[in-house]
Visitor: 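Once you've had a glance at the structure underneath, I'll fire off some questions.
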2 protein chains.
Amino acid sequence: MDTIGDLRDFGGADAYLSQCASRTVLVALANKWTCLLVSALGDGPVRFGGLRRQLDGITQKSLTQTLRTMERDGLVLRTVYPTIPPRVDYELTDLGRSVIALMAGIKSWSEQHVEEILAARERFDQRAAEEPQPVLPT
Amino acid sequence: MDTIGDLRDFGGADAYLSQCASRTVLVALANKWTCLLVSALGDGPVRFGGLRRQLDGITQKSLTQTLRTMERDGLVLRTVYPTIPPRVDYELTDLGRSVIALMAGIKSWSEQHVEEILAARERFDQRAAEEPQPVLPT
DNA sequence: CAGCATCCAATTGGATACTG
DNA sequence: CAGTATCCAATTGGATGCTG
């Protein structure tokens with residue numbers, strides 16, 4: 001093994017380092033809307049309105065912003081049909097498709113383990129409430 | 001197939017729904033620090049200071065907060081040694097270990113595809129700059 | 001329909017000071 | 001060492017109104 005071989009993963013990128021460009025990629029992926037959008041787009045092209053309905057709770061602003069960022073990052077292809085009223089399709093690029101497994105994985109892990117986590121939260125909050133309070137001078 | 005069979009994944013949890021508890025789990029996972037912390041804790045117990053050094057750019061406040069949330073969610077086990085000076089170890093629980101693959105996967109995907117994404121960003125910004133500007137009345 | 005622009009409230013994040 | 005507490009700046013997010 002050569003001396004620097006172990007240090008480099010891929011061209012030396014290391015998301016642990018705040019100045020490494022890969023950190024910006026990780027930040028782009030690691031947020032709820034990107035995760036849910038990649039999952040939703042995993043089945044094929046969807047229109048703006050369709051995504052808005054599927055991602056319950058997202059605002060028009062956040063949807064537009066997240067889609068733009070994903071388009072800029074090369075994850076999403078945006079197709080505008082010059083019809084009236086306008087129609088815009090969004091679909092994953094090859095690059096985008098290569099993250100489906102990870103993003104959909106997070107979504108389904110969340111769904112599979114909700115109960116376990118809710119229980120853990122209750123236990124934690126219960127312990128915290130039972131904890132001896134610092135004595136106050138009476 | 002029964003009528004509700006297709007609708008339920010796991011007890012009916014669906015992170016697409018804003019009111020579903022699984023959405024809160026997804027939100028907890030889908031952020032940069034949780035992603036990097038799970039990855040960092042994947043190798044075994046680490047002390048607070050060690051994590052702070054490894055996760056370049058994290059503040060003490062964010063580190064404490066994220067670790068507390070993860071502890072509350074049952075992903076992390078916190079062990080305090082009553083020594084002077086104090087020493088605190090953090091390690092993943094079984095539940096936490098079951099997300100390592102996903103979180104570390106995001107980190108390494110980011111590192112593997114940085115260049116591709118940086119190139120996509122440049123192309124996008126280039127196109128945007130070249131776009132015909134709306135005519136202004138002279 | 002699929003946006004953009006704007007205003008404003010709320011949450012997040014950093015810097016700093018102090019403690020068992 | 002491993003925090004807590006606080007203040008304050010910055011970013012995010014929602015609500016609303018308008019447009020090709």
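Below, read A as the first sequence line, B as the second, and so on, with proteins coming before strands; counting in each chain starts at 1.
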Visitor: Do you know the tightest heavy-atom contact between A:Val114 and B:Ala13?
Guide: CG2-CB, 3.9 Å
Visitor: Using side-chain heavy atoms (C-beta onward) and a distance below 4.5 Å, is B:Ile106 in contact with B:Ser110?
Guide: yes
Visitor: Mapping B:Thr64 and B:Arg53 onto DNA chain D by nearest heavy atom, which one lands closer to the 5' end?
Guide: B:Arg53
Visitor: My understanding is that only residues two or more places apart in sequence, or in another chain, count here; which of them pass ring-ring contact (aromatic ring centres under 6.0 Å, His included) with B:Trp109?
Guide: B:His113
Visitor: Please enumerate all protein N or O atoms sitting under 3.5 Å from an N or O of nucleotides 14-18 of chain D, with distances to 0.1 Å.
Guide:
unit_1: D:dG14; atom_1: OP2; unit_2: A:Thr59; atom_2: OG1; d: 3.4
unit_1: D:dG14; atom_1: O6; unit_2: A:Lys61; atom_2: NZ; d: 2.5

Visitor: Should we say atom CZ of A:Arg53 is surrounded by more than 12 heavy atoms from elsewhere, each under 6.0 Å from it?
Guide: no
Visitor: Using a heavy-atom cut-off of 4.0 Å to chain A, what are the terminal contacting nucleotides of DNA chain C, in 5' to 3' order?
Guide: C:dC1 to C:dC7
Visitor: Within residues 41-50 of chain B, which residues have any heavy atom lying less than 4.0 Å from an atom of DNA chain D?
Guide: B:Arg47, B:Phe48, B:Gly49
Visitor: Is it true that B:Lys107 and A:Asp14 make a salt bridge, defined as a side-chain N closer than 4.0 Å to a carboxylate O?
Guide: yes
Visitor: Please determine whether residues B:Met103 and B:Val27 belong to a single hydrophobic cluster, defined as Ile, Leu, Val, Met, Phe, Trp and Tyr linked transitively by side-chain heavy-atom distances below 4.5 Å.
Guide: no
Visitor: Report yes if the side chains of B:Leu118 and B:Glu115 come closer than 4.5 Å at any heavy-atom pair, otherwise no.
Guide: yes
Visitor: Between A:Asp89 and A:Arg87, is there a side-chain N and carboxylate O pair less than 4.0 Å apart?
Guide: yes
Visitor: Do B:Leu95 and B:Leu26 belong to the same hydrophobic cluster, where Ile, Leu, Val, Met, Phe, Trp and Tyr are linked whenever their side-chain heavy atoms lie under 4.5 Å apart, directly or via other members?
Guide: yes
Visitor: Can you find a heavy atom in the side chain of A:Thr24 that is under 4.5 Å from one in the side chain of B:Arg121?
Guide: yes
Visitor: Could you tell me whether B:Gln60 atom CD has more than 12 heavy atoms of other residues or ligands within 6.0 Å of it?
Guide: yes
Visitor: If we only count heavy atoms from C-beta on, is the B:Val46 to B:Tyr90 side-chain gap below 4.5 Å?
Guide: no
Visitor: To the nearest Å, how far apart are B:Glu71 CD and D:dA2 P?
Guide: 15 Å
Visitor: Starting from the C-alpha separation in whole Å, work towards a yes-or-no answer on side chain to side chain contact (heavy atoms under 4.5 Å, CB included) for A:Phe48 and A:Leu67.
Guide: CA-CA 9 Å; A:Phe48 187 86; A:Leu67 284 170; 4.1 Å; yes
Visitor: Measure the angle between the two terminal helix axes of the helix from C:dC1-D:dG20 to C:dG20-D:dC1, five base pairs each, and quote it to 10°.
Guide: 50°
Visitor: Decide whether A:Ser62 and A:Thr59 meet the rule of one side-chain donor and one side-chain acceptor closer than 3.5 Å.
Guide: yes
Visitor: Do you know which two heavy atoms are closest between B:Ala40 and B:Leu51, and how far apart they sit?
Guide: CB-CD2, 4.0 Å
Visitor: For DNA chain D, find the residues of residues 72-93 of chain A with a heavy-atom distance under 4.0 Å and give them by number; none if there aren't any.
Guide: A:Pro86
